[in-house]
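Accompanying notes for the structure given below.
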2 protein chains.
Amino acid sequence: MQKEASTEPGADRIEKIDPRFLTTLRDHVHKALRAAILSGRFAPDERVNERQLAEQLGVSTTPIKEALRQLETEGLVETLPRRGVLIRFNAGWAEEMILARAALESMIAHLAAKRIEKAEAGKLEDTVALMRKATEDGAADDLISLNETFHEQIHIASRCQYLSRMIERQQFYDASIRRVIHSDPLERGKALAEHAAIAAAIISNDSDKAERVMRDHVVRSGETYLNIVFNKKEDI
Amino acid sequence: MQKEASTEPGADRIEKIDPRFLTTLRDHVHKALRAAILSGRFAPDERVNERQLAEQLGVSTTPIKEALRQLETEGLVETLPRRGVLIRFNAGWAEEMILARAALESMIAHLAAKRIEKAEAGKLEDTVALMRKATEDGAADDLISLNETFHEQIHIASRCQYLSRMIERQQFYDASIRRVIHSDPLERGKALAEHAAIAAAIISNDSDKAERVMRDHVVRSGETYLNIVFNKKEDI
DNA sequence: ATCTGAAATCTGGTATATCAGATCTCACAA
DNA sequence: TTGTGAGATCTGATATACCAGATTTCAGAT
């Protein structure tokens, strides 16, 4: 809320639209393909055809190609030059993506514990309090957004922009899966305890503990995801 | 060396060419731009123009666009839709890339310590022995390739393909910088000691120690890089 | 002097045509 | 029957034209 009426009339009444909110076709294609791959709608090693995709999605091959390049860099597809594009995703890959996220999130937690400021610590505590309430109420949708807030606050406290972006790429729980996960009271309880432990460690500047607890949390909740998406085990 | 003379005559005399060795224009563009950015030939936040790049490199805009999408996913450039492409790299970014690599390599080291097999352990020991010799001889070029071998052997022992690829994207020491680093006898000595410690921890299946030592090694050698490329400190 | 807005211009986004490597098909020769 | 290879075909790679949002320029109005 800066007062800059002289240079930007009305700047205090309506904020500038962040250019990043504008979207492109390739962005839609990227998100759509990504979601399709991560939810298992492509078989591992399945070939995808650029022209065919373009037709299915009703666009030209240009945005398709660009989206595929992004997915390639993310490690979700592999391009064999002049031969074809293959889907590169299966249970093992998902497991490794979870490990990557665990490694990066725990690094962030470590730094957040060292760098967090008092005001930020207060907000983090508030978030945990809200999570506690939502957990008791069984408010799954609230938990989903609080979860995002929680991790985002830690990212901000860590002062790591690059690492934050890297982590976004390892994020493959989409809303529907999250809802399934959070609908289980036992899972909700575990998650709450872990979040509380992470927050406590960060707030008390115990970077080693924050790192450890965060890693365990990401791995454990990742395994929950694996069980749901890949039906790895059918026990209770 | 499989004997499949019946289906593939001569298969035991000459091996198949790996399709990944074939290259494309976009790949050249990607590597060229990446190297240029990481070595500081673009200013932070500098705008780059697709058509201009295409003209400079003597190609059309298509491979340029695809290479830029890859760099965008890597976090080295940022695209503002319909506005422009910006370079996103500076000392802080490089620092975070080092942290990302440290987090991922230490995760890999942890798993390698748990999963390494006897034959692999022997090879790793051999590599360290060669490194010791090269360090004493001051053979910088040998050290550079041995370094690659060393980390690659650990990646293989960890059975993590996805993580290995992720790490490749955090690799920004090009050959010329490595040569500068390895030309310093003090640095060579430190690196040797660290490599030996990493190998020992992995071979003795001490996963926690492997993780810790690997992380310290990546961070410390990364700082050496930062000092060279960004001239962060001028002391001795 | 300052503000307004239409037009020129810049830049990425998208569609399309064409190129070229990789595969497949199949007639035909050994 | 089997192997060969020319030609058809599939698919990604590249070049190019054009579209549309964003920005700048600048004449004209206040």
Side-chain angles (χ1 to χ4, degrees), chain A residues 4-11 15-33 42 45-73 76-88, chain B residues 4-11 15-33 42 45-73 76-88:
Chain A
E4 302 185 330
S6 58
T7 58
E8 293 180 34
E15 14 183 346
K16 199 177 287 182
I17 294 174
D18 190 320
R20 284 170 299 188
F21 291 162
L22 296 176
T23 188
T24 58
L25 271 186
R26 82 154 164 277
D27 225 49
H28 279 114
V29 173
H30 175 228
K31 288 201 174 101
L33 281 177
F42 285 97
D45 300 326
E46 180 177 342
R47 286 187 76 180
V48 294
N49 182 300
E50 295 187 351
R51 291 187 228 270
Q52 194 177 313
L53 278 177
E55 200 180 344
Q56 283 175 17
L57 298 177
V59 300
S60 79
T61 61
T62 308
I64 301 284
K65 295 178 85 62
E66 293 188 63
L68 286 173
R69 293 295 86 70
Q70 299 183 244
L71 292 168
E72 187 180 9
T73 307
L76 294 178
V77 307
E78 181 173 348
T79 303
L80 304 179
R82 287 167 226 284
R83 304 223 295 159
V85 180
L86 304 179
I87 300 298
R88 209 27 109 231
Chain B
E4 302 185 330
S6 58
T7 57
E8 293 180 33
E15 24 184 338
K16 200 177 286 182
I17 295 173
D18 189 322
R20 285 170 298 188
F21 290 163
L22 296 175
T23 190
T24 58
L25 272 185
R26 84 153 162 277
D27 222 50
H28 279 115
V29 173
H30 175 230
K31 290 204 173 96
L33 281 177
F42 285 97
D45 300 324
E46 180 176 343
R47 287 187 74 178
V48 295
N49 181 299
E50 295 186 351
R51 291 189 228 270
Q52 195 177 310
L53 277 177
E55 198 179 345
Q56 283 174 19
L57 297 177
V59 300
S60 80
T61 60
T62 308
I64 301 284
K65 295 178 88 60
E66 294 188 66
L68 286 174
R69 295 295 86 69
Q70 299 183 245
L71 291 168
E72 187 180 11
T73 307
L76 294 177
V77 306
E78 182 172 348
T79 302
L80 305 179
R82 289 168 225 282
R83 304 223 295 159
V85 180
L86 304 179
I87 300 298
R88 204 34 102 232

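Since the model is a prediction, treat every value here as computed from it, not as a measurement. Residue numbers begin at 1 in each chain, while the letters A, B, ... track the order of the sequences.
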- Distance-only side-chain donor-acceptor flag, B:Thr24 / A:Arg82, under 3.5 Å: no
- Does the salt bridge (charged side-chain N to carboxylate O under 4.0 Å, His left out) test come out yes or no for A:Arg69 and A:Glu66, once each step is laid out? CA-CA 5 Å; A:Arg69 293 295 86 70; A:Glu66 293 188 63; over 6 Å; no
- Heavy-atom contacts, protein to nucleotides 10-19 of chain D, under 4.0 Å, summarised as B (base), S (sugar-phosphate only) or - (none) per nt, yield -BBBBBB-B-
- Message: By the side-chain hydrogen bond (donor to acceptor under 3.5 Å, both in side chains) test, which pairs, at least two apart or in different chains, include something from residues 49-62 of chain A?
- Response: A:Glu50-A:Lys65
- Atom of A:Val77, atom of A:Leu68 and distance for their closest heavy-atom approach: CG2-O, 3.8 Å
- Identified side chain to side chain contact (heavy atoms under 4.5 Å, CB included) counterpart of B:Pro63 within the set B:His28, B:Arg26, B:His30: B:Arg26
